[in-house]
Amino acid sequence: AGQALPGGATCRAQVRYRPTLDQAATASLVVGATPGGSVAIPVTGDALTAARLTSLTTSDSFGGVVVNTSSPAHRFIIQNDGEQSSGVLGVSKSGTNQAEFVIVPVAGSDCQGATLGQQGTCNVEVRFAPMAPGSQRMASVAVTGMPGGTHTITLTGDALTPGDLTIEQPTGGATLDFGARDLGTGATSPTQTIRVRNLGGIATGALVTAITGGGSASYATALDGCTGNPLGAGGACDIQLRFNPAAIGAQPATVTIRDN
């Protein structure tokens, strides 16, 4: 521009394309002089939307998981919504409980180290493996590319204690004393109750009860609300016993309640 061009000589003009709208654009580069006339050179370009990482998932709950066990892996799909390819992706964790949320490699489609073209996808998998009991464990997993930005998913879960049976009644040592009863009269004692409670954060399996020991034949179950039933978190069940001595002397026995 601004220079005279001798006969037979050439000059060069350079054009940059810097789109401001997401659409195709056309224009003409016109070079003219007097004398000399003018020449028009058509130029075209297509504006591409920038790489942008996104996902249908922004938060996910793993629910309750027993301490020192692991949940199944949850898979999150990350997509590049832009027309421009992303940079190389990295996957990271953050948050107070991040050590309890474990990123699992995904063979063939892992986001870590991937580059996504237009509408391309990759996967992130996470397991929840709590190490101490507590509700609302929380962390975040982030997938980042330059270009592409960052997509963050908030992760939550509850760390539960396993089923934990305790004798709530009688208190202070779980001993029942039926006192003395006459042998051979057929008269049984009044009932006494054993109450069992699950102090754990999840249900037990089906309970099994047994009366064992040298005097076990002297005791009978009047009511059994425990045997064969699971006991939910915080739940309780009762067993009622009667005493009718089968022999002279002390009749020691033990009642055992266990998770099957």
Side-chain angles (χ1 to χ4, degrees), residues 16-25 44-164 200-205 230 232-233:
R16 293 184 184 275
Y17 178 44
R18 186 171 297 170
T20 58
L21 298 175
D22 180 16
Q23 61 187 33
T44 61
D46 190 6
L48 300 178
T49 55
R52 186 175 74 94
L53 300 179
T54 187
S55 174
L56 293 177
T57 306
T58 57
S59 63
D60 186 63
S61 173
F62 287 79
V65 177
V66 175
V67 170
N68 295 323
T69 66
S70 179
S71 73
H74 287 205
R75 176 171 288 196
F76 311 112
I77 301 173
I78 305 297
Q79 180 170 307
N80 175 14
D81 273 354
E83 296 173 301
Q84 176 192 31
S85 292
S86 74
V88 177
L89 304 184
V91 182
S92 61
K93 299 183 297 180
S94 63
T96 305
N97 309 118
Q98 61 174 292
E100 296 182 317
F101 293 89
V102 181
I103 296 174
V104 182
V106 184
S109 62
D110 203 313
C111 287
Q112 180 65 43
T115 300
L116 298 183
Q118 179 180 352
Q119 303 301 309
T121 62
C122 62
N123 295 300
V124 176
E125 284 192 354
V126 179
R127 295 181 186 272
F128 178 43
M131 296 177 282
S135 60
Q136 283 299 297
R137 319 297 273 188
M138 184 174 293
S140 296
V141 61
V143 182
T144 302
M146 295 298 291
T150 299
H151 183 80
T152 302
I153 300 171
T154 300
L155 308 174
T156 58
D158 294 327
L160 305 177
T161 54
D164 181 15
I202 63 171
T204 67

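Start at 1 with the first residue, then count along the sequence. It should be emphasised that the depicted structure is a prediction, and the values quoted were computed from it without experimental measurement.
For T69, the side-chain contact (heavy atoms from CB on, under 4.5 Å) test picks out V65, V66, with sequence neighbours left out. Residues passing the side chain to side chain donor-acceptor pair (under 3.5 Å) test with S109 are N123, sequence neighbours excluded. Partners of T144 under the side chain to side chain donor-acceptor pair (under 3.5 Å) rule, at least two apart in sequence or in another chain, are T150. Remark: R52 engages D81 in a salt bridge (Lys or Arg N to Asp or Glu O under 4.0 Å) (not counting sequence neighbours). Residues passing the side chain to side chain donor-acceptor pair (under 3.5 Å) test with Q119, sequence neighbours excluded: Q79. Scored by the side chain to side chain donor-acceptor pair (under 3.5 Å) test, H151 finds no partners at all (sequence neighbours excluded).
Taking CD1 from I78 and OG from S55, the interatomic distance works out to 4.5 Å, rounded to the nearest 0.5 Å. For the atom pair NE2 of H74 and OG1 of T57, the computed distance is 11.0 Å after rounding to the nearest 0.5 Å.
Evaluation of the salt bridge (Lys or Arg N to Asp or Glu O under 4.0 Å) test over residues 103-124, restricted to residues two or more places apart or in two chains, returns none. For residues 112-130, the salt bridge (Lys or Arg N to Asp or Glu O under 4.0 Å) pairs, not counting sequence neighbours, are R75-E125. Listed by first and then second residue, the salt bridge (Lys or Arg N to Asp or Glu O under 4.0 Å) pairs involving residues 59-68 amount to none (not counting sequence neighbours). Applying the disulfide bond (SG atoms under 2.5 Å apart) test to pairs two or more places apart or on separate chains, those with a residue in residues 74-160 are C111-C122. Every pair passing side chain to side chain donor-acceptor pair (under 3.5 Å) that includes a residue from residues 93-103 is listed here, sequence neighbours excluded: E100-R137. Sorted by first and then second residue, the ring-ring contact (aromatic ring centres under 6.0 Å, His included) pairs involving residues 97-121 (not counting sequence neighbours) are F62-F101, F101-F128.
In plain terms, the two heavy atoms of L116 and N80 that are nearest each other are O-ND2, 3.1 Å. Listed here is the closest heavy atom pair of A142 and T152: CB-OG1, 3.9 Å. Nearest heavy atom pair, residue A159 against residue A132, reads CB-O, 3.0 Å. Taking both residues in full, the closest heavy atoms of S85 and A51 are given as O-CB, 3.7 Å, listed atom of the first, atom of the second, then distance. Here the closest non-hydrogen pair linking A233 and G200 is CB-O, 3.5 Å. The two atoms that bring L53 and S86 nearest to each other are CD2-CB, 4.4 Å, heavy atoms only.
In this structure the side chain of V91 reaches within 4.5 angstrom of the side chain of V141, judged on heavy atoms. Residues Q136 and T156 are in side-chain contact: their nearest non-hydrogen atoms beyond the backbone lie under 4.5 Å apart.
Listed for the T161 side chain is a donor-acceptor partner under 3.5 Å among the backbone atoms of G201.
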